[in-house]
Protein chains: 2
Amino acid sequence: MSLKHALLGFLNYKGMTGYELKQCFDRSVHYFWNANLSQIYPTLGQMEKEGLLTMEVEYQESRPNRKVYHITGAGCEELHRWLREPMDPPPVRQAFLVKVFFGGSLEKEEILAQLRQELELHCNLLAILEDRAREGLQQSIEDTGFKREGLFWGLTLEAGIKSKKAWIEWLEEAIAKVELYS
Amino acid sequence: MSLKHALLGFLNYKGMTGYELKQCFDRSVHYFWNANLSQIYPTLGQMEKEGLLTMEVEYQESRPNRKVYHITGAGCEELHRWLREPMDPPPVRQAFLVKVFFGGSLEKEEILAQLRQELELHCNLLAILEDRAREGLQQSIEDTGFKREGLFWGLTLEAGIKSKKAWIEWLEEAIAKVELYS
DNA sequence: GCTTCCATGTAAAGTGTTACATGATTGC
DNA sequence: GCAATCATGTAACACTTTACATGGAAGC
């Protein structure tokens, strides 16, 4: 499970609640990893049992108490073990390509509609990524003062931008080919 | 579930056993979708119950009987409904980028080792895809006589090649940056 | 002799999404 | 008045992987 390791990664920056961790996901890694609160909460509980985290309760009035999790020595070790560990190739699942693969059984205009919709979607996503690259990243680095970390955060953004651009290029070529030959 | 639709797609070409369907996956779409036999068999059974498929048993001696599945009218409709249906953006999960994101807590050489290993892996995968693009695809089109389908099969291959190349480029840039700045 | 191919599955565990449940405070 | 923010979770469902189980035939 990589959710565990992502949680360890963020908690290695500082102690946080499940709710705050969710915000970390949404603000920084959402374009290559996501998690629901309903998945985060039980996972944190489990990690506490495993000794990777400790939890302290901050009592609040008129709100549920905050459960702040902190990484332990064992958690830190586990994070670094995972970071160093070689990864085996991830299982790929691109449902859109399954559609294209069987696109021959649709009418030309129907498959073109799919391709054009996908193109529009990814153009929008690219714009969002590029905005984030310009503004958000610099902001995060200033907020945290994490300069070395910022280099790696930037790399993941560039990966996203590069692969989106490649995907968009392919979509444009695919549309042209289908218009011509199909 | 897209496995169902992928199975419908293949069975729309011709009737097959679960074992043969697995081979279809391995030979054609494995670089963007995969399935285990232990997942295929129960799914086929379920699809039969739902009326998407029919099954006939071919009796064999000294081997388990072959259960050949055929697509029904309802199955064909469901396939086309899905193919036409707009897709919502897929959940993205790139564990490798999670590692890079938290790469700041590794030593320079440790993160470089990860990046280099990933580069080598994807260079190999690219070579396989390019081989398949040159030889395998043409073969499949000749074997089946499916010309129009071949166009779409080719598009998915090009998508794979294009995105692998983008990934490799990014890895090379990332390695250079980490070597310089980290 | 050992591996691969053919051909079927079941069971358990792991991972993830969606729906349900609560409830005060702040901003539009 | 309505939505969003803060803050916690449970339960059910959906999907996928891994391990287990069988066993003959063909090729090296």
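When reading the values below, keep in mind they use all heavy atoms of this one structure, side chains included, and skip hydrogens, waters and symmetry mates. Residue numbers start from 1 in every chain, and the chains themselves are labelled A, B, ... in the order their sequence lines are given, proteins ahead of strands.
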Using atom [atom1] of [X] as one end and atom [atom2] of [N] as the other, report the distance to the nearest whole Å.
| X | N | atom1 | atom2 | answer |
| --- | --- | --- | --- | --- |
| B:Lys4 | D:dA14 | NZ | C1' | 10 Å |
| A:Asp88 | D:dT16 | CG | C1' | 15 Å |
| B:Glu58 | C:dC6 | CD | P | 15 Å |
| A:Glu48 | D:dT8 | CD | C1' | 15 Å |
| A:Gln46 | C:dA13 | CD | C1' | 12 Å |
| A:Trp33 | C:dG16 | CH2 | C1' | 10 Å |
| A:Lys22 | C:dG16 | NZ | C1' | 12 Å |

Candidates B:Phe152, B:Trp153, B:Tyr31 - the one meeting ring-ring contact (aromatic ring centres under 6.0 Å, His included) with A:Phe101: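 With A:Phe101 as partner, B:Phe152, B:Trp153, B:Tyr31 yield a single ring-ring contact (aromatic ring centres under 6.0 Å, His included), made by B:Trp153.
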Pair listing, side chain to side chain donor-acceptor pair (under 3.5 Å) test, anchored in residues 49-60 of chain B, at least two apart: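 Sorted pair list: B:Lys4-B:Glu50, B:Gln46-B:Glu50, B:Glu56-B:His70, B:Glu58-B:Arg66.
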Would you tell me if any nitrogen or oxygen in the side chain of B:Asn36 comes within less than 4.0 Å of OP1 or OP2 on D:dT16?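 No, B:Asn36 has no side-chain N/O under 4.0 Å of OP1/OP2 on D:dT16.
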Can you find a side chain N or O atom of B:Arg93 that sits less than 4.0 Å from OP1 or OP2 on C:dT15?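 False: B:Arg93 side-chain N/O out of range (4.0 Å or more) of C:dT15 OP1/OP2.
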Can you list the residues that meet the side-chain contact (heavy atoms from CB on, under 4.5 Å) rule with A:Glu118, with sequence neighbours excluded?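 Partners of A:Glu118 by the side-chain contact (heavy atoms from CB on, under 4.5 Å) criterion, ordered by chain and then number, come out as A:Phe96, A:Leu121, A:His122, A:Trp167, A:Leu171.
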Is the closest side-chain heavy-atom distance between A:Leu11 and A:Leu21 below 4.5 Å?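 Yes. Closest side-chain heavy atoms under 4.5 Å.
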Could you check if a side-chain atom of B:Lys165 sits within less than 4.5 angstrom of a side-chain atom of B:Glu130, using non-hydrogen atoms only?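 Contact flag for B:Lys165/B:Glu130 side chains = yes.
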State which residue, out of A:Met47, A:Glu77, A:His80, fulfils the side chain to side chain contact (heavy atoms under 4.5 Å, CB included) condition with A:Leu8.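 Of A:Met47, A:Glu77, A:His80, side chain to side chain contact (heavy atoms under 4.5 Å, CB included) with A:Leu8 is met by A:Met47 alone.
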Interface polar pairs with nucleotides 7-11 of chain C, N/O, under 3.5 angstrom:
residue	atom	partner	partner atom	Å
C:dA7	OP1	B:Gln60	OE1	3.2
C:dA7	OP1	B:Gln60	NE2	3.4
C:dA7	OP2	B:Arg66	NH1	3.1
C:dT8	OP1	B:Lys67	N	2.9
C:dT8	OP2	B:Tyr19	N	3.1
C:dT8	OP2	B:Tyr41	OH	3.1
C:dG9	OP1	B:Lys67	NZ	2.3

